[in-house]
Amino acid sequence: MDVGDNEPQVRPAGRPWWTLAVVSAAQLLVVLDGTIVNIALPSAQRALGMSDGNRQWTITAYALAFGGLLLIGGRVSGALGHRRTFLIGLLGFAASSAVGGAAVDPPMLFGARAVQGGFAAMLAPAGLSLLTTTFTQARERGRAFGVFAAVGAAGSAVGLIAGGLLTEYVGWRWCLYINVPIAMAAVLGVAMVPPDRPIAARGRLDVAGAVLSLTGFAAVAYGFGRAESLGWGSVEVRALLVGGVVLLAAFVAVEARAAHPLLPMRVLVHRVRAGAFLAITLMFVAMFGFYLFMSYYTQAVLGYSPVEAGLTLIINALATLAGSMLIAGKLHGRVQPAALIVPGLLAAAAGVLILTRLTAGSTDVFTVFLVPALVLTGLGLGCVMPPTASLATARMRGHDIGAAAAAYNAAQQLGAALGTALLNTLASSATAAFLATHRNAPPNAAAVHGYTLALTVAFAILLAAACLTAPLIITRRGGKDAPVQERAITSTRH
C-alpha cells in the first residue's frame with residue numbers, strides 16, 4: 001500500500017505552466033521576505049525609534065509565525081482546498097505587508113510581520129501541494145520543481161539585493177510595500193489555476209498536535225535566535241531549547257497515537273523521504289551560514305556597500321538557476337535522486353571549502369575565492385532542492401500532501417535558524433579567542449579567522465549530509481515504468 005491517505009488524487013486539468021508561474025511568484029514572496037527586511041532594519045529602527053533589544057522582533061516575529069504555523073497551514077490547505085488556501089494566503093500576505101509598510105510604531109510593525117508569517121505558512125504548503133497535484137509526469141515534474149526550487153533558492157539573494165536598492169533609493173517602507181503588487185499579480189493569476197477539491201475532514205482537528213507543534217517549533221527557533229546574542233550557555237537559551245525539544249517530543253508522541261494527526265508519522269519515517277528531509281535541513285544549516293558570512297566579509301573586510309554585497313550574490317543566484325533548471329530539471333526522472341542530491345551536497349561543500357582558505361592578506365579575492373565559491377554553492381543548492389522537494393511530496397495523497405509540503409518547509413526553516421545561530425556563534429567565539437592570543441595581528445585578521453573557522457564547520461556539515469543521505473535515498477528496485485522519484489518512494493515501503 002502506498003504511503004498516504006486513500007483518497008484518490010485528481011490531477012487538475014488546464015494550464016499547468018500557468019500554475020507554476022503563479023506558485024513561483026508566491027514562493028518568491030515567502031523567501032524574499034525572510035531577507036529583504038534585514039537590509040532595511042537599521043533605517044526602520046531609526047524611523048520608528050526601536051531599541052536595540054527590540055529591533056530583532058522585526059525578523060523574529062515573521063520567522064516564528066511562519067515556522068510555527070506551517071503544519072497547521074498544511075492541514076488547512078487540505079481542508080479548504082489548495083487553490084483556495086493559496087488565494088487566502090496571497091490576499092492576507094498583501095494586506096499585512098501594506099500594514100507593515102505603513103507602521104507608525106514598533107508594535108504595529110512587529111504585529112504586521114507576525115501576520116505576514118502566518119499567511120506565509122498557508123502559502124508555502126498550498127503552493128507546493130498545487131505543484132505536486134498538477135505535475136505528475138516525470139519530465140514535466142522535473143522542470144516544474146526545477147523552476148520552483150530555483151526561485152526559492154535565489155529568493156534570499158534577490159531579497160538582499162532588492163532590500164539594498166529599495167532602502168537606498170526609495171525608503172525602507174518599500175521593502176514591505178513591494179509585496180503588494182507582486183501578490184496582487186499572483187492573485188489575478190490564480191483565476192487561471194484549475195480548482196481542486198477540498199479533502200473531506202475526518203474527525204476533529206488535532207488541537208493538541210497544533211498547540212504542541214506551534215509552541216515547540218517557536219521555542220526552538222527563538223532559542224536559536226537568542227543564542228546569537230546571549231551565547232549557548234545562557235540559561236534563557238538552554239531553557240528555550242530544552243523546552244522546545246520536550247514539546248516537539250510530546251508532539252511526536254501525540255501524533256503517533258492521534259486518530260487524525262496533523263503530521264502523520266508515515267510522512268517522516270519513510271526511509272527515502274527522511275533522507276530528503278535530512279538533506280535539505282543540513283543544506284540550509286550550512287548555506288544560511290554561508291550567506292551570512294558572505295554579507296559580513298564583503299562589507300566589513302572588503303568594504304563593499306550593502307548594494308554591492310547583494311549584487312555579488314547574483315553569481316550564486318544564476319548558478320542556482322543553472323543547477324535547478326539545466327541540471328536537476330532536465331535529469332529528473334532519468335537518474336536516481338541520489339545522483340543529483342549527493343553530488344549537489346559535495347559541490348556545495350567544495351564551494352564552502354574554498355573560502356576556508358581565505359586570510360586577511362589574500363589578494364584577487366573576488367576572482368580566486370568568491371566567484372568559484374558562489375558558483376559551486378549555487379550549483380549544489382540548485383541540484384539538491386528540486387529532487388528533495390519532489391521526494392518530500394511524491395506519492396502523497398489526501399491530507400498527507402499538505403502535511404508533507406509543510407514538513408519540507410519546516411525543515412528548511414529549522415535548518416536556516418540553526419545554521420545562522422550556530423555558525424555565527426562559532427565565528428564570534430573564534431574571533432574573540434584570536435584577539436586574545438594575537439594582539440598585534442592586522443585589524444581584519446581576527447574577523448577572517450572567525451569566518452573561516454565557521455565555514456570549516458559548514459563544510460563538515462555538508463560532507464556529513466552527503467554521507468548520511470546517500471544510504472537513505474539510494475534505491476535499487478522499482479517498477480520500470482514509474483518515474484525515478486516515485487520508484488524511490490514505493491520501493492522501500494514499510
Side-chain angles (χ1 to χ4, degrees), residues 34-35 37-38 41-42 45 50-71 106-107 110 113-114 117 121 156 211-253 277-278 281-293 295-296 409-436 446-447 449-451 453-458 460-461 464-465:
T35 57
V37 178
N38 292 23
L41 189 54
Q45 181 181 3
M50 284 184 257
S51 67
D52 288 345
N54 287 335
R55 66 182 177 186
Q56 50 106 4
W57 282 104
T58 307
I59 309 300
T60 304
Y62 178 85
L64 293 184
F66 181 30
L69 294 171
L70 268 169
L71 292 177
F110 301 156
R113 289 286 287 166
S156 296
V211 172
L212 288 170
S213 67
L214 172 59
T215 54
F217 189 101
V220 171
Y222 188 53
F224 288 152
R226 294 295 285 162
E228 293 185 64
S229 57
L230 300 180
W232 294 97
S234 163
V235 174
E236 178 184 339
V237 171
R238 289 183 177 181
L240 284 166
L241 294 180
V242 171
V245 169
V246 170
L247 288 169
L248 290 177
F251 168 71
V252 171
F277 285 137
L278 178 63
T281 301
L282 294 180
M283 178 63 128
F284 269 59
V285 170
M287 288 305 299
F288 265 71
F290 171 81
Y291 289 135
L292 181 70
F293 296 122
S295 177
Y296 288 167
N409 279 281
Q412 295 180 49
Q413 290 299 305
L414 276 177
L418 174 57
T420 302
L422 173 63
L423 298 178
N424 193 49
T425 304
L426 289 173
S428 299
S429 299
T431 298
F434 187 90
L435 286 172
H449 173 75
Y451 301 158
L453 184 141
L455 289 170
T456 300
V457 174
I461 290 171

A454 to A427 - nearest heavy-atom pair and separation
CB-CB, 4.0 Å

Among all residues two or more places apart in sequence or in another chain, which pass the side-chain contact (heavy atoms from CB on, under 4.5 Å) test with T58?
V37, L41, M50, L109, F110, R113

Compare every heavy atom of G450 with every heavy atom of A430, then report the nearest pair and how far apart it is.
CB-CA, 3.8 Å

For F217, check ring-ring contact (aromatic ring centres under 6.0 Å, His included) against everything at least two apart and list the hits.
none

Minimum heavy-atom separation for A218 and L64, please, with both atom names.
O-CD2, 3.5 Å

Any residue meeting side-chain contact (heavy atoms from CB on, under 4.5 Å) with L248, in chain and number order, not counting sequence neighbours
V220

Test: salt bridge (charged side-chain N to carboxylate O under 4.0 Å, His left out). Region: residues 236-248. Which pairs qualify, not counting sequence neighbours?
R226-E236

Are any non-hydrogen side-chain atoms of L426 and L423 less than 4.5 angstrom apart?
yes

Which heavy atom of A65 sits nearest a heavy atom of A121, and at what distance?
O-CB, 4.3 Å

Do L241 and F224 come close enough that some side-chain heavy atom pair is under 4.5 Å?
yes

Give every residue pair that meets the salt bridge (charged side-chain N to carboxylate O under 4.0 Å, His left out) criterion with at least one member in residues 421-435, sequence neighbours excluded.
none

Does F251 have any ring-ring contact (aromatic ring centres under 6.0 Å, His included) partners at least two apart in sequence or in another chain, and if so, which?
none

Rounded to the nearest 0.5 Å, how far does CG of L422 lie from CD1 of I461?
5.5 Å

Hey, could you give me the CD/OG1 distance between Q413 and T281, rounded to the nearest 0.5 Å?
11.0 Å

As a test of understanding, state which of V211, V242, T215 forms a side chain to side chain contact (heavy atoms under 4.5 Å, CB included) with L247.
T215

Please list, chain by chain and in numerical order, all residues satisfying ring-ring contact (aromatic ring centres under 6.0 Å, His included) with F290, sequence neighbours excluded.
none

Applying ring-ring contact (aromatic ring centres under 6.0 Å, His included), name anything that partners F277, two or more places apart in sequence or on another chain.
none

Applying side-chain contact (heavy atoms from CB on, under 4.5 Å) to A63 and not counting sequence neighbours gives none

Smallest heavy-atom separation, L70 atom then A410 atom, equals CD1-N, 3.4 Å

Residues that A446 engages under side-chain contact (heavy atoms from CB on, under 4.5 Å), provided they are two or more places apart:
T431, F434, L435

Less than 4.5 Å apart, any side-chain heavy atom of F288 and any of F293?
no

Evaluate the side chain to side chain contact (heavy atoms under 4.5 Å, CB included) criterion for residues L418 and F284: first the C-alpha distance (whole Å), next the side-chain angles of each, then the deciding distance (0.1 Å), finally the verdict.
CA-CA 9 Å; L418 174 57; F284 269 59; over 6 Å; no

